[in-house]
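Right, one structure below, let's go through it.
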Amino acid sequence: MSGPASSLKLAAGLDPGKLAPAFARFGRLHLPGILPLAQARAVSTALATATPWHKSMHVNGKGYDFALETLAAMPAERRAALDAAMVEGGKAGFQYQFDAWRLSDLREAGQRAGGPLAPLESVYDLLNSEAFLQFVRKLTGDPRPAYVDAQATRYRAGDFLATHDDGVEGKNRLYAYVLNFTPAWRTDWGGLLAFHDADGHVAEAYVPTFNALNIFRVPQPHAVTQVASYAAGERLSVTGWIRER
């Protein structure tokens with residue numbers, strides 16, 4: 001592999017020890033400038049132009065993955081029924097819809113796609129490197145982080161992720177993260193990573209800022225707000241969980 005993302009690394013000057021008190025206090029942190037700029041741009045380009053997306057949906061308690069061509073060819077009445085079920089279920093339950101590609105499935109099978117997807121594979125390698133795991137251990141004061149899974153995500157108009165806390169028995173999730181690669185984004189376009197207080201208010205929300213890492217303790221109630229119909233871009237990221245064995 002060659003090019004600016006061939007040996008992905010954290011940006012120079014990040015000191016997890018200095019950031020640790022803020023993480024300890026809030027259980028979450030927004031870290032801009034996480035990668036060298038040229039490498040972040042290479043990852044962004046791969047997400048925007050080369051990723052083999054599928055539509056990931058959770059409707060009325062069931063998860064679905066649709067090839068984008070299958071969804072496009074779905075009869076209008078069936079698609080309308082699916083959309084209606086999404087809306088109705090979202091009134092009281094956990095729902096989501098966005099485009100995804102599970103990078104972990106490829107890498108954990110010992111495979112590489114290479115070519116234009118190589119920058120994304122390097123993201124997985126970085127996340128599972130001792131350098132990144134040590135960064136997380138020092139940031140959180142937690143010695144347990146052992147490996148990281150990853151999926152690419154794309155949120156377009158209408159996409160969202162309803163409120164949840166990531167706590168699933170047996171999954172060994174310690175922390176969740178979002179690496180943002182959208183070149184430019186406006187707050188009013190939605191797609192915000194929003195954290196909720198016990199009283200239901202939004203305690204804090206992060207705009208998907210280019211080349212920023214959002215990391216937070218699991219469990220913690222949060223959502224990705226729906227992307228507005230007038231959003232002039234796609235919310236591109238790599239996201240997943242930092243786990244213990």
side-chain hydrogen bond (donor to acceptor under 3.5 Å, both in side chains) partner of His222, chosen from His196, His164, Glu204: His164
Stepwise side-chain contact (heavy atoms from CB on, under 4.5 Å) test for Leu161 and Tyr155: CA-CA 9 Å; Leu161 175 60; Tyr155 286 70; 3.6 Å; yes
Residues Thr153 and Ser237: side-chain donor-acceptor under 3.5 angstrom: yes
Pair Gln39-Lys9, side-chain contact (heavy atoms from CB on, under 4.5 Å): steps then yes or no: CA-CA 8 Å; Gln39 295 184 338; Lys9 60 184 179 180; 4.0 Å; yes
Option among Tyr177, Phe195, Phe26, Tyr206 that satisfies the ring-ring contact (aromatic ring centres under 6.0 Å, His included) test with Phe216: Phe195
Minimum heavy-atom distance between Gly61 and Gln95, given as atom pair plus value: N-OE1, 4.5 Å
Distance, nearest 0.5 Å, that separates CZ of Arg156 from CZ of Phe98: 13.0 Å
Single-linkage hydrophobic cluster, 4.5 Å side-chain cutoff, Leu29 and Leu126 together: yes
Cluster link Tyr96 to Trp53, ILVMFWY, side chain under 4.5 Å: no
His58/Phe94 aromatic ring centres below 6.0 Å: yes
Distance (rounded to the nearest 0.5 Å) between Trp241 CH2 and Ser104 OG: 9.5 Å
Same apolar cluster: Leu35 and Ile215, side chain cutoff 4.5 Å: yes
Considering all heavy atoms, the nearest Val202-Ala194 contact: CG1-CB, 4.3 Å
Derivation and outcome, salt bridge (Lys or Arg N to Asp or Glu O under 4.0 Å), residues Asp125 and Arg112: CA-CA 11 Å; Asp125 294 340; Arg112 284 187 177 273; 2.5 Å; yes
Side-chain donor or acceptor of Trp185 paired with backbone N/O of Gly190 under 3.5 Å: yes
Side-chain donor/acceptor of Gln226 to backbone N/O of Ala157, under 3.5 Å: no
Basic-acidic side-chain contact under 4.0 Å: Arg137, Asp142: no
Backbone of Asp165 reached by a side-chain donor or acceptor of Gln220 within 3.5 Å: no
Backbone N/O of Gln111 and side chain of Arg107: donor-acceptor pair under 3.5 Å: yes
Heavy-atom pair with the smallest gap, counting every atom of Pro145 and Val136: CG-CG1, 4.0 Å
Heavy-atom closest contact (Thr209 atom, Asn180 atom, distance): O-CB, 3.0 Å
From CG (Leu133) to CG (Leu127), nearest 0.5 Å: 8.5 Å
Test item: Thr225 side-chain N/O and Gly191 main-chain N/O as donor-acceptor pair under 3.5 Å: yes
Backbone N/O of Arg41 and side chain of Thr45: donor-acceptor pair under 3.5 Å: yes
Donor-acceptor contact below 3.5 Å, side chain Ser44 vs main chain Thr182: no
Closest heavy-atom pair and its distance - Met86, Phe160: SD-CZ, 3.6 Å
Arg243 side chain vs Leu174 backbone, donor-acceptor pair below 3.5 Å: no
Over 12 non-hydrogen atoms of neighbours within 6.0 angstrom of NZ in Lys138: no
Working for side-chain contact (heavy atoms from CB on, under 4.5 Å), residues Leu106 and Trp101: CA-CA 10 Å; Leu106 183 74; Trp101 178 54; 4.1 Å; yes
Cluster overlap Val227 with Leu47, hydrophobic side-chain contacts below 4.5 Å: no
Nearest non-hydrogen partners of Ala223 and Ala162, listed with the distance: CB-C, 3.9 Å
Whether Tyr64 and Phe66 hold their rings parallel, tilted or perpendicular, with breakpoints at 30° and 60°: parallel
Cluster overlap Leu10 with Val238, hydrophobic side-chain contacts below 4.5 Å: yes
Distance-only polar pair, side chains of Asp159 and Gln97, donor-acceptor under 3.5 Å: yes
Criterion side-chain contact (heavy atoms from CB on, under 4.5 Å) on Leu192 and Thr187, from CA distance to verdict: CA-CA 7 Å; Leu192 308 182; Thr187 306; 4.1 Å; yes
Any donor-acceptor pair under 3.5 Å from Asn211 side chain to Ala40 backbone: no
Donor-acceptor contact present, side-chain Thr239 to main-chain Ala150, <3.5 Å: no
Salt-bridge contact Lys55-Asp65 (side-chain N to carboxylate O under 4.0 Å): no
